[in-house]
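All values below come from the heavy atoms of this structure, side chains included, with hydrogens, waters and symmetry mates left out. Chain naming here is simple, since letters A, B, ... match the order of the sequence lines and numbering starts at 1 in each.
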Amino acid sequence: MKYKTLVRAGMRRHKGSLSGIFILMALVSFVMMTVLMVWSNSKTYVHSELERMRFGDLTAWVSEVPDMEHVEEELQELEIIEQIETQEMIYTSYELNGEESDSEGQMIPYGPDEGRYRFFDAALDGYLETAPVIRPGEVYVPASFVSMFGAGIGDELLLRIAREGGGLALRIAGFYEDPAMGSSMIGMKGFLVNVGDYENAEMQIGESGINALARPGAMFHIDTQEQVSAAEVNTQISQKTSLSEYTEFIYSRETMEGFMMILQNALGGILLAFAVILLIAVMVVIAHSINSTIASDYVDLGILKTMGVSGRMLERVQLIQYLAAVTAGMLAGSIIAALTESQVCQATLTTIGVLIPSDLPVMGGVGAVLLVILLLTVFILRKVSKIGKIAPLEAIQGRMDPDRKIKKRRPVIRKKYIYLNLAVRQTVSGKRRYAGICMIALLLVFFSSVVGRMDSWLGQDGKGMMDAFNPADHDIGMQAFGNVRVEDMREQMEEITPITDTYLLAMPAVHLSGASCTANVTD
Amino acid sequence: MRQVILKGNHISKRFLQGENGNTVLEDVSVDIYEGDFTIIMGSSGAGKSTLLYALSGMDKVSEGTVVYKGQEISSLKERQMAKLRADEFGFVFQQTHLVSNLTLFENIAVAGYMGGHQTEKKVRERTGLLLKQMHIEAAKDRYPSEVSGGEAQRAAIARAVVNEPGIVFADEPTGALNKSNTEDVLDLLTALNQNGQSILLVTHDIHAACRGTKIVYLEDGRILAEKNLLPYEKKDERDRETEINRWLDSLKW
Ligand SMILES: Nc1ncnc2c1ncn2[C@@H]1O[C@H](COP(=O)(O)OP(=O)(O)O)[C@@H](O)[C@H]1O
Ligand SMILES: [Mg+2]
């Protein structure tokens with residue numbers, strides 16, 4: 001009860017700053033929850049999906065293998081390899097909605113007993129309960145085709161199987177989820193076709209001979225023994241098998257997960273940076289509000305002390321006041337996040353290619369909220385420690401008052417402009433409180449303008465950002481595998497052509513030490 | 001035998017000012033008895049307020065000790081001092097020092113909540129009762145800036161006594177009031193005292209001083225003389241003033 005009256009009075013007095021803090025904290029916790037949800041859920045989801053789809057520890061993309069079974073056998077014979085699984089496919093360029101593909105696509109036959117893929121419903125907000133049967137002439141494309149090509153159901157996907165009329169036109173019948181390369185960040189894309197169509201294409205490639213544009217190939221999903229190091233696997237594969245002769249590229253599952261997480265990481269990072277900025281803003285507002293309390297309520301604080309209110313209690317009253325706003329804000333933000341998460345997941349689907357499970361990570365969320373509250377508690381306690389030191393006598397006698405000591409220069413009131421003058425004076429004498437409100441307003445404007453900017457930076461559905469990362473916009477791209485020094489790579493490259501751009505790619509653990517690097521030549 | 005409730009032993013107070021300190025109180029010893037309406041009188045600048053603040057623990061003494069109900073208070077820590085103020089002391093100042101963002105009711109009630117010995121319900125009841133006694137019931141939900149000086153000062157008195165404190169300290173409580181408000185406030189304090197409340201009041205005004213049961217006369221930081229009076233009655237106010245005047249004259253005032 002002692003606290004209730006004082007806290008209530010304090011809240012009445014600091015309505016402005018407190019509601020500002022509430023709004024900012026709601027934003028902070030909303031952003032925090034969303035980032036947490038996107039990060040942790042998509043990471044575990046992509047991981048578990050790749051596992052479910054029997055993507056091995058390594059996946060090698062090969063092409064034009066003369067004797068597929070021979071390579072498989074060679075691999076099987078290696079002791080470090082536990083299991084391999086082959087998924088056939090055809091590399092082919094394609095055109096969609098008048099746009100030529102940057103990278104080759106992968107045409108994957110999808111038979112009735114193929115259970116690995118999950119398909120989205122037409123509204124792209126959930127999955128089809130039963131996997132569809134892909135009829136001849138139909139194709140299912142990754143959901144990110146919506147953002148990359150503006151694809152829709154019924155659009156025509158033109159596959160360039162061979163020169164001179166060797167095109168195969170397929171009608172998009174729906175979208176599927178590709179947790180391996182479905183992100184719009186990744187240029188290479190797979191599409192699922194009818195087995196008959198696939199066989200026809202294979203035949204056509206054979207018949208076209210030198211005019212063939214598409215190439216047959218396969219994915220080898222390789223499971224290795226657990227204790228064996230990735231480097232060891234690479235050495236053995238390149239020394240003891242002919243796999244590397246046919247390899248287009250080879251990625252570990254972690255690498256693929258890394259690729260699939262690039263967008264989430266980038267967006268999450270940006271949003272988290274926002275949250276941090278907002279949190280700093282909250283701290284500034286709190287600090288400012290507390291300082292202005294000490295200055296403008298100096299006498300009141302002194303009187304309260306004569307009434308037997310201890311410094312500790314005055315500090316706690318302030319703490320409770322601000323923590324109430326902080327906690328309420330975080331609660332509101334979390335609730336908003338919980339209510340909107342599924343929309344967030346649906347909205348990001350066509351960019352990141354997978355539908356992130358939208359349940360809030362409760363433990364992580366609670367932990368994060370508690371952490372922020374703890375941080376702010378410590379901060380507020382440090383800020384209010386001055387209040388405890390106010391000497392009651394000095395406060396009520398008006399001595400030592402930091403504000404009153406300085407002679408204030410106030411605008412002179414003239415009769416003629418009395419209203420204007422009074423308004424000016426009001427503003428000047430209340431400037432601390434007005435400053436707080438201005439600051440909150442400024443921060444909100446800043447935040448919303450940055451959000452607007454981000455949208456244009458990302459372009460329509462994140463396309464701008466995708467382009468920024470897409471090495472296929474250049475004629476030659478080079479990417480390091482294994483222990484390669486960047487300087488060596490640069491030197492090698494600069495013998496051929498000047499480097500126009502370099503990227504850092506999120507590629508933890510790239511496993512291949514045989515060939516030290518690969519270059520993607522696209523034109 | 002009347003009990004000494006508050007005792008000042010050889011109090012000195014110096015303010016650090018310029019090169020040499022400014023001595024405001026010099027070796028002041030004074031006993032305040034329970035149930036007394038003690039007046040500290042003296043001309044402006046005599047050190048009355050300084051003495052009051054020293055005796056109430058609001059300010060540290062340079063030398064000497066202050067003992068309240070057998071406990072030395074000059075050496076108490078902030079927390080202990082706060083508790084003592086909450087439970088045992090009530091303050092009324094010349095400027096009505098009410099907390100500006102609390103209503104009159106809240107100003108009184110918060111002081112009540114601070115003293116640990118009453119339940120919330122009792123505090124609210126007592127607050128209501130005091131508001132009625134002080135004739136400010138109608139203004140109870142207003143803020144200090146929305147009431148008159150007299151109303152505010154009456155609220156301040158209510159706040160000072162809400163906890164049934166051991167002693168009420170009042171520093172020129174009528175100094176800023178008009179005649180009729182002054183009379184009201186003095187009547188209230190007198191009534192409180194006649195119900196047993198110990199009061200220590202500082203004034204330079206004889207009219208206020210005649211309410212006391214004991215007068216301590218202070219000049220240049222020293223106690224010149226003390227005088228006991230019979231309990232106040234309205235009808236012999238004139239006589240009391242004359243008596244005090246004569247006493248002051250004898251001190252060559
Ligand atoms: N905080 C202080 N610092 C320096 N001098 C002070 C301070 N407070 C009071 N004094 C001086 O002490 C003397 C007595 O003051 P005070 O006790 O307020 O007198 P009274 O209340 O009797 O009018 C005055 O000369 C005053 O200038
Ligand atoms: Mg004085």
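Looking at Phe89(B), neither its backbone nor its side chain comes within 4.5 Å of chain A, counting heavy atoms on both sides. Proximity to chain A is absent for every atom of Leu84(B), based on heavy atoms less than 4.5 angstrom apart. Contact of Phe105(B) with chain A is not made at all, since no heavy-atom distance falls under 4.5 Å.
The neighbour count for Asp27(B) CG, taken as heavy atoms of other residues, nucleotides or ligands under 6.0 Å away, is above 12. Counting non-hydrogen atoms of other residues, nucleotides and ligands closer than 6.0 Å to NZ of Lys386(A) gives a total of 12 or fewer.
Among Met307(A), Met313(A), Arg312(A), the residue with the largest count of heavy-atom pairs under 4.5 Å with chain B is Met307(A). Contact tally against chain B (heavy-atom pairs below 4.5 Å) for Gly308(A), Gly10(A), Pro392(A): the top residue is Gly308(A). Taking chain A as the reference chain and counting heavy-atom pairs below 4.5 Å, the highest number among Pro165(B), Ser100(B), Gly115(B) is found for Ser100(B). Residue with the most contacts toward chain B among Ile303(A), Leu301(A), Leu304(A): Ile303(A) (heavy-atom pairs, distance under 4.5 Å).
Note that NZ of Lys60(B) and CG of Leu393(A) are 11.5 Å apart. Values are rounded to the nearest 0.5 Å. One distance of note links OG of Ser310(A) with CZ of Arg85(B); it measures 10.5 Å at 0.5 Å rounding. Rounded to the nearest 0.5 Å, atoms CZ (Arg8(A)) and CG (Leu102(B)) are 9.5 Å apart.
A donor-acceptor pair under 3.5 Å links the side-chain atoms of Arg12(A) to the main chain of Asn101(B), judged by distance alone.
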message = side chain to side chain contact (heavy atoms under 4.5 Å, CB included) for Thr306(A) and His97(B)? Distances and angles first, verdict last.
response = CA-CA 10 Å; Thr306(A) 69; His97(B) 282 310; over 6 Å; no

query = Given Glu78(B) and Lys389(A), is the salt bridge (charged side-chain N to carboxylate O under 4.0 Å, His left out) satisfied, shown in steps?
reply = CA-CA 9 Å; Glu78(B) 204 256 359; Lys389(A) 296 189 192 100; over 6 Å; no

message = For a side chain to side chain contact (heavy atoms under 4.5 Å, CB included) check, start with the C-alpha distance between Val110(B) and Leu6(A), then their side-chain angles and the critical distance, and finish with the verdict.
response = CA-CA 8 Å; Val110(B) 164; Leu6(A) 292 179; 4.1 Å; yes

